[in-house]
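Just so it is clear: chains get the letters A, B, ... in the order the sequence lines come, proteins before strands, and each one is counted from 1. Note that the structure is predicted; figures quoted are calculated from it, not measured.
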There are 2 protein chains.
Amino acid sequence: MRSTKARRDILDLFHNEDVPLSADYVYELLNGEYDRSTIYRNLKNFENNGKLRSIVFSDKITYFYKGSEHFHFIYCVKCKKFERFDLCYSESISKYITENLGYKVLGHTLYFEGICKNCQEEMKK
Amino acid sequence: MRSTKARRDILDLFHNEDVPLSADYVYELLNGEYDRSTIYRNLKNFENNGKLRSIVFSDKITYFYKGSEHFHFIYCVKCKKFERFDLCYSESISKYITENLGYKVLGHTLYFEGICKNCQEEMKK
DNA sequence: TTGCTTTTGCAAATGGTTTGCAAATATTAT
DNA sequence: ATAATATTTGCAAACCATTTGCAAAAGCAA
Ligand SMILES: [Mn+2]
Ligand SMILES: [Mn+2]
Ligand SMILES: [Zn+2]
Ligand SMILES: [Zn+2]
């Protein structure tokens with residue numbers, strides 16, 4: 001992997017951000033400075049290198065995020081923003097699946113959908 | 001909703017089946033007897049009527065399944081099949097999210113990926 | 001059956017993502 | 001620093017699951 005301006009700029013967006021970003025949003029954050037194919041290719045590269053992770057929500061869009069720890073997201077269906085939370089009981093479920101169904105578990109996806117505090121207040125007005 | 005042969009045939013596929021089916025697979029199971037648009041339209045109708053539910057996995061394909069109870073799936077990345085399991089701790093997570101983050105929780109998505117018993121044995125050969 | 005409404009098939013459109021290819025850029029060797 | 005080599009980029013076209021407009025076909029109540 002060579003170091004290019006595109007790659008540095010893209011990765012910088014994730015530095016102090018633990019919420020997932022779509023390729024399209026990355027494109028916008030960089031003011032269209034790079035072609036979408038460049039964004040897509042590099043996000044995927046970063047994922048293969050372990051620098052980013054990705055998740056697909058029910059909107060079928062791939063979102064990328066940084067983070068080596070294990071955590072999950074709740075998505076606000078009103079303002080379309082994510083928030084991270086660190087609770088997860090999948091260890092025990094994973095154990096159950098291994099022992100009772102015989103699977104070798106490789107991973108899991110867990111996310112919540114709801115309406116955030118702000119949006120609830122907006123709706124009351 | 002009128003009763004048509006297409007609708008009866010489609011819904012029949014889900015009767016004794018609690019694993020998710022994609023529109024394309026439904027199309028194949030019915031030997032291409034109906035146009036894909038008919039399949040897509042009706043699956044979505046069934047979902048809106050509460051006769052089916054849907055879930056999007058990391059492959060970005062919508063899968064439909066029948067079931068009023070709450071359960072989840074594990075997906076075998078080798079043979080691309082699903083198996084249902086009934087364990088879920090999201091009640092407590094939901095409570096956490098409501099109380100600590102202020103969200104009104106509408107739902108959650110949880111699924112596991114792994115390698116099933118059969119496929120593990122296949123790999124040993 | 002008639003008449004009205006919903007559903008279907010077909011073809012074209014959609015939208016996020018991927019890909020081939022030639023030009024541009026980063027890296028390495030001279 | 002320059003030239004040679006390998007990688008990356010931009011552009012346009014392709015992909016692929018899904019959706020949509022529209023006219024023909026099918027369901028349904030009377
Ligand atoms: Mn987890
Ligand atoms: Mn659950
Ligand atoms: Zn919100
Ligand atoms: Zn398997």
In the 5'-to-3' direction, what one-character label does each nucleotide of nucleotides 24-30 of chain C receive under the scheme B = base within less than 4.0 Å of a protein heavy atom, S = sugar-phosphate only, - = no such atom?
--BS---
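- In the hydrophobic clustering, where aliphatic and aromatic side chains (Ile, Leu, Val, Met, Phe, Trp, Tyr) are joined below 4.5 Å either directly or transitively, B:Tyr96 groups with A:Ile74, A:Phe85, A:Leu87, A:Tyr89, A:Ile93, A:Tyr96, A:Ile97, A:Leu101, A:Tyr103, A:Val105, A:Leu110, A:Phe112, B:Ile74, B:Phe85, B:Leu87, B:Tyr89, B:Ile93, B:Ile97, B:Leu101, B:Tyr103, B:Val105, B:Leu110, B:Phe112.
- A donor-acceptor pair under 3.5 Å is formed between the side chain of B:Arg53 and the backbone N or O of B:Gly67.
- Rounded to a whole Å, the CG atom of A:Asp35 is 17 Å from the P atom of C:dA23.
- In this view, A:Asp24 and A:Arg36 satisfy the salt bridge (Lys or Arg N to Asp or Glu O under 4.0 Å) rule, not counting sequence neighbours.
- Distance CG (A:Asp59) to C1' (C:dG15): 12 Å, rounded to an integer number of Å.
- When atom types are taken as modelled, the side chain of A:Arg7 and the backbone of A:Arg2 share a donor-acceptor pair closer than 3.5 angstrom.
- Residues passing the salt bridge (Lys or Arg N to Asp or Glu O under 4.0 Å) test with A:Asp59, sequence neighbours excluded: none.
- For residues 37-56 of chain A, proximity to DNA chain D is found at A:Ser37, A:Thr38, A:Arg41, A:Asn42, defined as any non-hydrogen atom under 4.0 angstrom from a strand atom.
- Nucleotides of DNA chain D lying under 4.0 Å from heavy atoms of chain A occupy a range whose first and last members, 5' to 3', are D:dA6 to D:dT18.
- B:Tyr34 has its OH atom 12 Å from the C1' atom of C:dT7, to the nearest Å.
- Each side-chain hydrogen bond (donor to acceptor under 3.5 Å, both in side chains) pair with one or both residues in residues 115-125 of chain A, not counting sequence neighbours, would appear here, but there are none.
- When heavy atoms are screened at a 4.0 angstrom cut-off, A:Thr62 is found touching the sugar-phosphate backbone but no base atom.
- A donor and an acceptor atom, one from each side chain of B:Lys60 and A:Thr62, are located under 3.5 Å apart.
- Evaluation of the ring pair (Phe, Tyr, Trp, His ring centres under 6.0 Å) test over residues 8-29 of chain A, restricted to residues two or more places apart or in two chains, returns none.
- With respect to A:Glu113 and A:Lys78, no salt bridge is recorded, no charged nitrogen being found less than 4.0 Å from a carboxylate O.
- Atom CD1 in B:Ile61 sits about 17 Å away from atom P in C:dG16, given to the nearest Å.
- Bending across the helix from C:dT1-D:dA30 to C:dT30-D:dA1, expressed as the angle between its end axes from five pairs apiece, amounts to 30° (10° rounding).
- With side-chain heavy atoms closer than 4.5 Å counting as contact, directly or through intermediates, the hydrophobic cluster containing B:Val56 also holds A:Val56.
- B:Asp9 is linked by a side-chain contact (heavy atoms from CB on, under 4.5 Å) to B:Lys5, B:Leu30, B:Glu33, B:Tyr34, counting only residues two or more places apart in sequence or in another chain.
- A donor-acceptor contact closer than 3.5 angstrom links the side chains of B:His108 and B:His70.
- Considering only residues two or more places apart in sequence or on other chains, B:Phe46 meets the ring-ring contact (aromatic ring centres under 6.0 Å, His included) condition with none of them.
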